[in-house]
Amino acid sequence: MWGGRFALGPSEALDALNRSLPVDHRLWPQDVFASKAWVHALCRAGVLSAAEETQLLDGLDRVADKLADGAAVGAPDEDVHTLVERLLYAEVGAVAGKLHTGRSRNDQVATDLRLWTLNAIDELDAAVTALGRTLVAKAKDGMDAILPGYTHGQRAQPVRWAYVLLAHAWPLVRDRQRLADARRRTAELPLGSGALAGSGFPVDRVLLKEALGFRAVSPNALDATGDRDFVAEVLFAIALIGTHLSRLGAELITYASGEFGFVTLADSFSTGSSLMPQKRNPDVFELARGKAGRMLGDLIALLTTLKGIPAGYQKDLQEDKALLFDACDTLATVLPAVTGAIDTLTVNVQRMAAALDPAMRATDLADLLVEAGVPFRESHGLIGKLVRAAEEAGVTLDKVPANIATAIHPALAPALAQLGTWEKSVESRATPGGASRASVESQSEELRRAFQPGVTG
Ligand code: ARG
């Protein structure tokens, strides 16, 4: 394909390094699609006759059939672009040689990869949406289950299970916005940029843009052929989604432990041990946590590749696809598994309730003192003393005898008598965004809207 100026072909060692077909063969549908649009553009520009146009379009359709039947498997070509061209020669003969007029693999590969990425974004978005909907659906049954909310791994304040699930759903709303934002910039057409300085033939780039479903035409050919920002942006969005799944997984691994026992994974999402028959392992969440590292690695690898190169196409850029494909494939495997595991897990309401330590009423008591006119800093100190007194007396915080409480502050005994249920405690923090019933209900409503397909907030 480019052998004219060389007396000898590339060495085996160079060929092994240089070939990208083992990775980029999966771009063939995009390569055929973009090539057909290019044929139209060449015909309109007067480079091809109508008969040649028809010949090439039919030929490309037959090439697509061959590729769908596995023609790429074991093919010797350097990359997907040369593969498609060789197969086209086999179909239509010498006229195939006109396809590459005014086009370079530099604008071709950028176009193919953007087309592939647009589709990948849509598929990932659908899988993120499915997880979001599952979290919201599970939250519906988790309104009355109250468990300790944790900070620093310590029991802090009581919250609803529904509220915890929604705390993992909101990041996914932001993830969908990031994907949508990346999608906008991915939808810029590089085709017609040539190798770096534009095409030598008067192709209509606006028509090409329309034909291929892009939003805009890239404004600078040197930039367009070397721009992989869209890959970096999608890899970042993926790395962050992976991070969110990792955090969700980490939390559920803890809750599924024997010590917590808040949730039980369904048989169909549990794994066993080859040695210890009693084990019910949360591999699904461990892998969600583990794979996040790999997706982060893909992002860092791409940025590292990009940072050293000048504007325009450099062969370094060939590395982009292995990284993007790996991250997309990884996330596409993790998401449905996490969604299924969440969908099928059971909640052990009693275990959650049993973990509610009355010491978590300390903030409620401090707030009650504030209502009795004590400045908060002072009330914080007084409740601290009450906590110490409870420890010394060997009772829980809500059971400190009235005489001991009154000795610390006269308003304390009435405050203790006023404490009420855990439900009341949760309801006492009624600000929008809090864990109260009304807040959780309105969040669920908002999230149901946000996780409608096609809606990205
Ligand atoms: N296989 C190459 C890639 O994936 C296609 C572009 C090659 N361009 C070139 N001038 N050699 O980046």
Side-chain angles (χ1 to χ4, degrees), residues 1-7 9-10 15 18-21 24-116 189-214 217-218 221 224-225 313 318:
M1 185 226 3
W2 39 254
R5 56 105 58 238
F6 297 108
D15 192 53
N18 195 37
R19 280 186 80 225
S20 58
L21 187 63
D24 65 24
H25 63 88
R26 57 199 278 189
L27 291 178
W28 74 256
Q30 290 75 22
D31 201 72
V32 170
F33 181 48
S35 291
K36 287 178 73 175
W38 189 245
V39 166
H40 279 301
L42 286 179
C43 182
R44 281 182 58 97
V47 176
L48 299 175
S49 69
E52 287 169 330
E53 180 190 35
T54 310
Q55 248 182 309
L56 287 172
L57 291 177
D58 291 350
L60 283 165
D61 282 337
R62 293 201 296 278
V63 168
D65 291 342
K66 293 250 153 77
L67 284 162
D69 286 345
V73 181
D77 308 82
E78 182 183 322
D79 59 24
V80 65
H81 321 291
T82 51
L83 166 69
V84 167
E85 226 180 302
R86 178 176 62 79
L87 294 177
L88 186 61
Y89 266 101
E91 294 299 325
V92 301
V95 67
K98 296 196 172 186
L99 170 65
H100 209 56
T101 315
R103 183 176 79 166
S104 157
R105 279 186 295 162
N106 299 354
D107 58 351
Q108 197 180 351
V109 71
T111 303
D112 292 359
L113 190 59
R114 281 175 186 264
L115 287 170
W116 187 92
L189 174 84
L191 197 59
S193 293
L196 76 163
S199 180
F201 297 84
V203 286
D204 186 334
R205 296 193 68 211
V206 174
L207 278 189
L208 274 173
K209 173 202 84 160
E210 298 296 325
L212 293 172
F214 284 95
V217 170
S218 64
T225 44
Y313 182 83
Q318 181 162 280

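Every heavy atom of this structure was used, including side-chain atoms; hydrogens, water molecules and symmetry mates were not.
- Summarising the geometry, atom CD belonging to Gln318 is positioned 6.5 Å from atom CG belonging to Asp24; distances are rounded to the nearest 0.5 Å.
- The two residues Val92 and Gly59 have their closest heavy-atom pair at CG1-CA, 3.6 Å.
- Asp31 CG to Arg26 CZ: the interatomic distance, rounded to the nearest 0.5 Å, is 15.0 Å.
- Applying the salt bridge (Lys or Arg N to Asp or Glu O under 4.0 Å) test to residues at least two apart or on different chains, the pairs with a partner in residues 34-49 are Lys36-Asp61.
- Note: Leu60 CG to Leu88 CG = 5.0 Å, rounded to the nearest 0.5 Å.
- Nearest heavy-atom pair across Arg19 and Ala75 is NH2-O, 2.9 Å.
- A distance of 11.0 Å separates OG1 in Thr111 from CD in Gln30, rounded to the nearest 0.5 Å.
- Summarising the geometry, atom CH2 belonging to Trp28 is positioned 10.5 Å from atom CG belonging to Leu87; distances are rounded to the nearest 0.5 Å.
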Enumerate, atom names and distances included, each donor-acceptor pair closer than 3.5 Å involving a side-chain atom of residues 189-208, sequence neighbours excluded.
unit_1	atom_1	unit_2	atom_2	d
Ser193	OG	Pro190	O	2.6
Ser199	OG	Gly102	O	2.8
Ser199	OG	Phe201	N	3.4
Asp204	OD1	Val206	N	3.0
Asp204	OD1	Leu207	N	3.1
Arg205	NE	Leu191	O	2.8
Arg205	NH1	Ser218	O	3.0
Arg205	NH2	Leu189	O	2.7
Arg205	NH2	Pro190	O	3.4
Arg205	NH2	Leu191	O	3.2
Arg205	NH2	Ser218	OG	2.9

Step by step, would you call Leu57 with His40 a side chain to side chain contact (heavy atoms under 4.5 Å, CB included)?
CA-CA 9 Å; Leu57 291 177; His40 279 301; 3.7 Å; yes
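- Residues Thr101 and Trp38 come closest through the heavy atom pair O-NE1, 3.0 Å.
- With sequence neighbours left out, Glu78 forms a side chain to side chain contact (heavy atoms under 4.5 Å, CB included) with Met1, Trp2, Asn18, Thr82, Arg105, Lys315.
- Considering CG of Asp79 and CG of Leu27, their distance stands at 9.5 Å, rounded to 0.5 Å.
- For residues 59-103, no residue pair satisfies the ring-ring contact (aromatic ring centres under 6.0 Å, His included) rule, not counting sequence neighbours.
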Given Lys98 and Leu42, is the side chain to side chain contact (heavy atoms under 4.5 Å, CB included) satisfied, shown in steps?
CA-CA 9 Å; Lys98 296 196 172 186; Leu42 286 179; 5.9 Å; no
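- In terms of heavy-atom proximity, Ala37 sits nearest to Leu212 at CB-CD2, 3.7 Å.
- For Glu91, the salt bridge (charged side-chain N to carboxylate O under 4.0 Å, His left out) criterion is met by Arg62, Lys66, not counting sequence neighbours.
- Listed by chain and number, the residues in a salt bridge (charged side-chain N to carboxylate O under 4.0 Å, His left out) with Arg114 are Asp227 (sequence neighbours excluded).
- Taking the side chain as every heavy atom from C-beta outward, Leu48 and Leu99 never approach each other to under 4.5 Å.
- Residues Gln108 and Ser35 form a side-chain contact, since some pair of their non-hydrogen atoms from C-beta on lies under 4.5 Å apart.
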